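Please read the structure below before turning to the comments.
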Amino acid sequence: MRQKLVIGNWKMHGSLAANAALLEGIKAAPARARLAVCAPFPYLAQCQALLNGSQVVWGAQDVSAEARGAFTGEVAASMLGEFGCTYALVGHSERRTYHAETDAVVAAKALRALEFGILPVICVGETLSEREAGQTEVVVGRQLQAVLDALSAEQLGRVVLAYEPVWAIGTGKTATSEQAQAVHAFLRGKVRERDAGVAERMAILYGGSVKPDNAVELFSMSDIDGGLIGGASLKSEDFLAIGNA
Ligand code: 13P
């Protein structure tokens, strides 16, 4: 049995005061799932300080593919590693869309994160028009293939995958549990072709309008190992309810 993992993606939300209240709420209560929060860069040190000694871990929302150098505005994996960062989101659809991240860049970022002991949470997902054109497996298959081509089986064993259909992000429209399960099973099958043991152990999270009232059904599916939560991760009660789903 894979332990459920629930990761909050705060996106570009938060303030010192709001984060403190949120983190206090999250760490005060037990959750059945392993919990993590991915905060904006300026707040990572706050997460490190306030979550120290708790069961909740923290991560970044992005990481540079470059090791160091003249890359103004970028944050290196080595820097995150120094602070004890556990996860980094890689290839979120908002990065792919607004920052033109290609599959190759996503794979390079995942490799760089792994080099410094950070677990990449690699996001894949199709747009509505791609789904309607029957291209879901082609698109997520291509996105995953770039990672499979770049990583060794050992490295792949430290990856978390997240299926986030773009049309379900922040829209209130969730994939049905059957739609999500079908894509998760497809993704796990592709990983299995590479390494069966890695495929069985890999956490594949679902993201896209996950709320306390739909999390139970989604998380009951055999290939859905937890969630990547946007809006609902900003309220401690909702995030904890999802963590207990
Ligand atoms: P929402 O939960 O707000 O739909 O966001 C999902 C997401 O993009 C998490 O990374």
Side-chain angles (χ1 to χ4, degrees), residues 5-14 19 23 34-52 54 56-125 143-164 191 194-195 198 201-205 207 225-226 228-230 233:
L5 170 64
V6 172
I7 301 181
N9 173 9
W10 292 359
K11 308 194 178 184
M12 201 168 71
H13 294 286
N19 304 344
L23 293 171
R34 176 172 164 82
L35 296 182
V37 295
C38 289
F41 288 126
Y43 298 132
L44 292 181
Q46 182 188 24
C47 291
Q48 181 204 34
L50 294 188
L51 295 175
N52 187 22
S54 83
V56 182
V57 301
W58 55 274
Q61 296 174 12
D62 185 28
V63 62
S64 179
E66 306 294 339
R68 73 189 67 74
F71 300 102
T72 303
E74 292 283 276
V75 174
S78 61
M79 300 170 186
L80 296 172
E82 268 190 310
F83 280 81
C85 179
T86 301
Y87 294 107
L89 304 184
V90 174
H92 190 280
S93 67
E94 289 150 17
R95 303 285 322 168
R96 292 180 191 259
T97 303
Y98 305 133
H99 302 274
E101 287 189 9
T102 62
D103 295 338
V105 166
V106 171
K109 288 185 171 199
L111 262 178
R112 191 66 72 187
L114 288 164
E115 185 185 334
F116 289 93
I118 295 161
L119 308 177
V121 180
I122 301 174
C123 306
V124 300
Q143 292 170 335
L144 175 57
Q145 191 61 48
V147 174
L148 295 176
D149 289 344
L151 271 56
S152 69
E154 182 279 321
Q155 288 166 328
L156 207 54
R158 292 185 281 143
V159 161
V160 174
L161 262 190
Y163 169 54
E164 296 207 309
V191 177
R194 163 61 79 79
D195 189 298
V198 167
R201 289 189 298 275
M202 181 177 280
I204 307 182
L205 311 184
D225 304 315
L228 181 55
I229 318 300
S233 73

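The structure displayed is predicted, hence computed values, not measured ones. Values reported hereafter were calculated over all heavy atoms of this structure, with side chains retained and with hydrogens, waters and symmetry mates removed.
The shortest non-hydrogen separation linking Ala146 to Ala107 is O-CB, 3.6 Å. Across all non-hydrogen atoms, the minimal contact from Ala113 to Pro120 is CB-CB, 4.4 Å. The two residues Ala60 and Leu44 have their closest heavy-atom pair at CB-CD1, 4.0 Å.
Put simply, CD1 on Ile7 and CG on Leu35 are 10.0 Å apart, with the number rounded to the nearest 0.5 Å. To the nearest 0.5 Å, atom CD of residue Glu164 and atom CG of residue Leu205 are 9.0 Å apart. Between Glu115 atom CD and Gln155 atom CD the span is 9.5 Å, to the nearest 0.5 Å. Atom CG of Leu89 sits about 8.5 Å away from atom CG of Asp62, to the nearest 0.5 Å. Atom NE2 of residue His13 and atom OH of residue Tyr43 lie 12.0 Å apart, to the nearest 0.5 angstrom. To the nearest 0.5 angstrom, Gln46 atom CD is 9.0 Å from Leu51 atom CG.
Counting heavy atoms from C-beta on, the side chains of Val37 and Ser233 never come closer than 4.5 Å. Taking the side chain as every heavy atom from C-beta outward, Val90 and Glu101 never approach each other to under 4.5 Å. Counting only heavy atoms from C-beta outward, the side chains of Asn19 and Cys47 never approach each other to under 4.5 Å. Trp58 is not listed as a side-chain neighbour of Leu23, based on a closest heavy-atom distance of 4.5 Å or more. Using a 4.5 Å heavy-atom cutoff, the side chains of Tyr87 and Val57 are in contact.
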Worked verdict on Val147 versus Val124 for side chain to side chain contact (heavy atoms under 4.5 Å, CB included): CA-CA 11 Å; Val147 174; Val124 300; over 6 Å; no

Worked verdict on Asn52 versus Gln48 for side chain to side chain donor-acceptor pair (under 3.5 Å): CA-CA 6 Å; Asn52 187 22; Gln48 181 204 34; over 6 Å; no

Criterion side chain to side chain contact (heavy atoms under 4.5 Å, CB included) on Thr86 and Leu119, from CA distance to verdict: CA-CA 6 Å; Thr86 301; Leu119 308 177; 4.2 Å; yes

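Side-chain atoms of Arg96 do not come within 3.5 Å of backbone N or O of Val106 as any donor-acceptor pair. At least one donor-acceptor pair closer than 3.5 Å links the side chain of Gln143 to the backbone N or O of Gly125. With Asn9 contributing its side chain and Gly230 its backbone, the two residues share no donor-acceptor pair below 3.5 Å. One N or O on the side chain of Arg194 and one on the backbone of Leu148 form a donor-acceptor pair closer than 3.5 Å. Listed for the Gln61 side chain is a donor-acceptor partner under 3.5 Å among the backbone atoms of Lys11.
The local environment of CZ in Phe41 is crowded, with over 12 non-hydrogen atoms from other residues, nucleotides or ligands closer than 6.0 Å.
Among residues two or more places apart in sequence or in another chain, the side-chain contact (heavy atoms from CB on, under 4.5 Å) test is passed with Ala108 by Ala65. Residues that satisfy the side-chain contact (heavy atoms from CB on, under 4.5 Å) test with Val198, not counting sequence neighbours, are Leu156, Val191, Asp195, Arg201, Met202.
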